[in-house]
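Following: one structure in structure tokens, then a few remarks.
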Amino acid sequence: MTTYRSLVAGEWIGGQPSPHLNPSDLDDVVGHSALADAAVAEAAVEAAVQAQNVWQAFPVAERIAILDRIGSQILQRTEELATLLSREEGKLLAEARGEVARAGQTFRYHAHELLQPQGERYLSTRPGVEAEVRHRPLGAVGIITPWNYPIAIPAWKIAPALAHGNTVVFKPAELVPALAGELSSIIHDSGIPPGVFNMVLGPGPVVGETLLTSVRLHGISFTGSAATGRHVARQCLEHGNKRFQLELGGKNPLIVMDDADLDVAARCALDGAFFSTGQRCTASSRLIVHERVHDAFVDRIVSGAEALRVGPALAPDSQIGPVVDAVQLERNLDYVRIGCEEGAELAAGGARVDEAGNGWFMRPTVFTGVRNDMRIAQEEIFGPVTAVISAENLDEAIALANDTSFGLSAGIVTTSLRHATEFKRRVRAGVISVNLPTAGTELHLPFGGMRGSNHGPREAGRYARDFYTQPVTCYTAW
Ligand code: NDP
């Protein structure tokens, strides 16, 4: 049985052991994590601060080689890591393979991103003066991640942080120590100098809080819930005015127009709402449907949801895996009760699936007759639950789509170029999809939301550099 430990200054550090169970099979102990305390987190911060000068001055070719090695190792171990991910988080094996591959490719992408032009030169308005903007590393940064993409989201952050000369203290979600441990071990074995990359296992209020309140760190990149994100922002401002980047939740609309191909619409909605058990920040949790196709669409989505096979993540015929743990399952079921009390109609699902096995299984759930001001249409549920809302026309559909505190992802299914163009112009979201599920992203394109879904620069692709570097304007006279 593996025990996952923290990595500080190149050394593995033990702690209070805590077992981790497979959400598909509660008799399967995936491993133990040795929970660190605040002192270990402080030591990790110190190690990252001490290593910063070394890493910043490290030859670029060697930095590229290290990141490339990390990416290649992840890709070589895809099958093993994907199986572990399925056992730890409950993602279906095919989805887990995709996530692991994405993480490996992300390290390789950012290795080679370093060969792109860095900095800018300007003409100076003063004679005999040269003007340039250099991009310098931010410094030692804290990276705090959620459980739902336990290797891809850490990779999105760690790869550009290291590429651009920053040192890192990584705090993974307590629910997913195994993937964090394996990723850290791959990074450790890559030849990276001790202290450049550190990882601390432990609860958010202890380990995460130590990073937030440290005045030695220069920035925090955080992905997680809106409530924790607000706390991160306050603490960063209070403690050293650290730079912070927040990627938060969503209440993502998918509009279905009366000119849509309804098979495409049903495929997009089922994928967007239920794949990965709906545990995606980009999940289609509001289906806003033109009233002329409302009933025909509801028939398709309800029969589609009922036909989805819920089962263990590693079973080849499962289409929906388990909910991540008992707390999240209870939260999902609470929202089912809330939706019923608010007067929405439970058209599919809404209950546990006991016959799927000894795990946290829940049936894909569809509410119809939903008003956009109901809690089930405004609050992020983060489970396999979606709400159908009827709209009279495109204007009303876009107004409903925008009537949310979030703004992460939004989609439309339509065959009209005019409707698609209007939607892209007016919907308030950072990621927009036309005739595609709201949940698809590519690693070389920017990712992030608006309003309550985001604060700070975008992640991924070359936009990732904006958080991990700071521009310095230099004037030189000869
Ligand atoms: P949480 O906000 O609960 O936790 C996120 C991370 O913050 C975890 O590592 C957690 O640690 C840590 N944390 C908790 N409390 C503190 C604290 N006081 N100080 C510092 N760190 C703390 O989110 P979840 O893990 O439940 O993830 C689900 C959320 O993430 C959803 O809202 C989802 O929409 C969002 N998300 C957003 C994405 C995006 O790119 N926009 C992508 C994926 C998810 P621990 O859990 O160990 O206590």
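Heavy atoms only: backbone and side chains are in, while hydrogens, waters and symmetry mates are out. Just so you know, ligand 1 is whichever comes first in the structure, and atom 1 is the first atom listed for that ligand.
Against a heavy-atom cut-off of under 4.0 Å, Cys281 is close to the following atoms of ligand 1: 34 (O), 36 (N), 37 (C), 38 (C), 39 (C), 40 (O), 41 (N), 42 (C), 43 (C), 44 (C). Atom numbering of ligand 1 starts at 1 in the shown order; those under 4.0 Å from a heavy atom of Lys171 are 9 (O), 11 (O), 45 (P), 47 (O). When each atom of ligand 1 is checked for a heavy atom of Thr145 under 4.0 Å away, the hits are 6 (C), 8 (C), 9 (O). For ligand 1, the atoms lying closer than 4.0 Å to a non-hydrogen atom of Thr228 are 1 (P), 2 (O), 3 (O), 13 (N), 14 (C), 15 (N), 16 (C), 22 (C). Counting the atoms of ligand 1 from 1 in the order shown, those under 4.0 Å from a heavy atom of Ile153 are 42 (C), 43 (C). Each of the following atoms of ligand 1 lies closer than 4.0 Å to a heavy atom of Leu408: 41 (N). Of all atoms in ligand 1, listed by their number and element, those nearer than 4.0 Å to a heavy atom of Trp147 are 24 (P), 25 (O), 26 (O), 27 (O). Proximity to Ala173 (heavy-atom distance under 4.0 Å) selects the following atoms of ligand 1: 9 (O), 47 (O).
Of all non-hydrogen atoms in Glu99 and Lys91, the two that sit nearest each other are OE1-NZ, 2.6 Å.
Ion pairing between a basic and an acidic side chain is recognised when a charged N comes within 4.0 Å of a carboxylate O; Asp466 and Arg458 show no such pairing. Between Arg462 and Glu113, none of the side-chain N atoms (NZ, or NE/NH1/NH2) sits under 4.0 Å from a carboxylate O, so this pair counts as no salt bridge. Under 4.0 Å is where a charged nitrogen must lie from a carboxylate oxygen, and between Arg280 and Asp271 at least one such pair does. Taking 4.0 Å as the cut-off between side-chain N and carboxylate O, Asp334 and Arg331 do not count as a salt-bridged pair. Between Glu342 and Arg375 there is no salt bridge, since no side-chain N of the basic residue sits under 4.0 Å from a carboxylate O of the acidic one.
Looking at heavy atoms from C-beta onward, Pro384 lies out of side-chain contact with Phe275 at the 4.5 angstrom threshold.
Of the candidates Ala180, Gly250, Pro146, Gly204, Gly204 brings a heavy atom nearest to atom 13 (N) of ligand 1.
Looking at ligand 1, you won't find any N or O of Trp156 less than 3.5 Å from one of its N or O atoms. Taking only nitrogen or oxygen atoms, main chain and side chain alike, Glu209 reaches within less than 3.5 Å of ligand 1. Residue Asn148 has no nitrogen or oxygen atom sitting less than 3.5 Å from a nitrogen or oxygen atom of ligand 1, judged on distance alone. In terms of polar-atom proximity, Gly208 is not counted as a contact of ligand 1, lacking any N or O under 3.5 Å from an N or O of the ligand. The N/O atoms of Ser453, backbone and side chain alike, include none that comes under 3.5 Å of an N/O atom in ligand 1. Not a single N or O atom of Thr223, backbone or side chain, sits closer than 3.5 Å to an N or O atom of ligand 1. At a 3.5 angstrom cut-off on N or O pairs, Glu459 does not count as close to ligand 1.
In this structure, Gln378 contributes its side chain and Asn372 its backbone to a donor-acceptor pair below 3.5 Å. A donor-acceptor contact shorter than 3.5 Å is absent between the side chain of His20 and the backbone of Val30.
Within the cation-pi definition used here (under 6.0 Å to the ring centroid, within 45° of the axis), Lys157 does not qualify as a partner of Phe170.
For Tyr149, no heavy-atom contact with ligand 1 is shorter than 4.0 Å. Residue contacts with ligand 1, taken as heavy atom pairs separated by less than 4.0 Å, do not involve Leu175 at all. For Glu380, every heavy-atom contact with ligand 1 shorter than 4.0 Å involves the side chain, none the backbone. With a 4.0 Å heavy-atom cut-off, ligand 1 is reached by no atom of Gln235. Contacts with ligand 1 closer than 4.0 Å are made by side-chain heavy atoms of Leu212 only, the backbone lying farther away.
Considering only residues two or more places apart in sequence or on other chains, Ser453 meets the side chain to side chain contact (heavy atoms under 4.5 Å, CB included) condition with Phe406, Leu408. Phe244 is linked by a ring-ring contact (aromatic ring centres under 6.0 Å, His included) to His455, counting only residues two or more places apart in sequence or in another chain.
Taking atom 37 (C) of ligand 1 as the reference point, the nearest protein heavy-atom neighbour is Leu248 O, 3.1 Å.
For atom 4 (O) of ligand 1, the nearest protein heavy atom lies 4.0 Å or farther away.
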| Evaluation steps, salt bridge (charged side-chain N to carboxylate O under 4.0 Å, His left out), between Glu42 and Arg216 | CA-CA 10 Å; Glu42 278 162 18; Arg216 308 271 284 149; over 6 Å; no

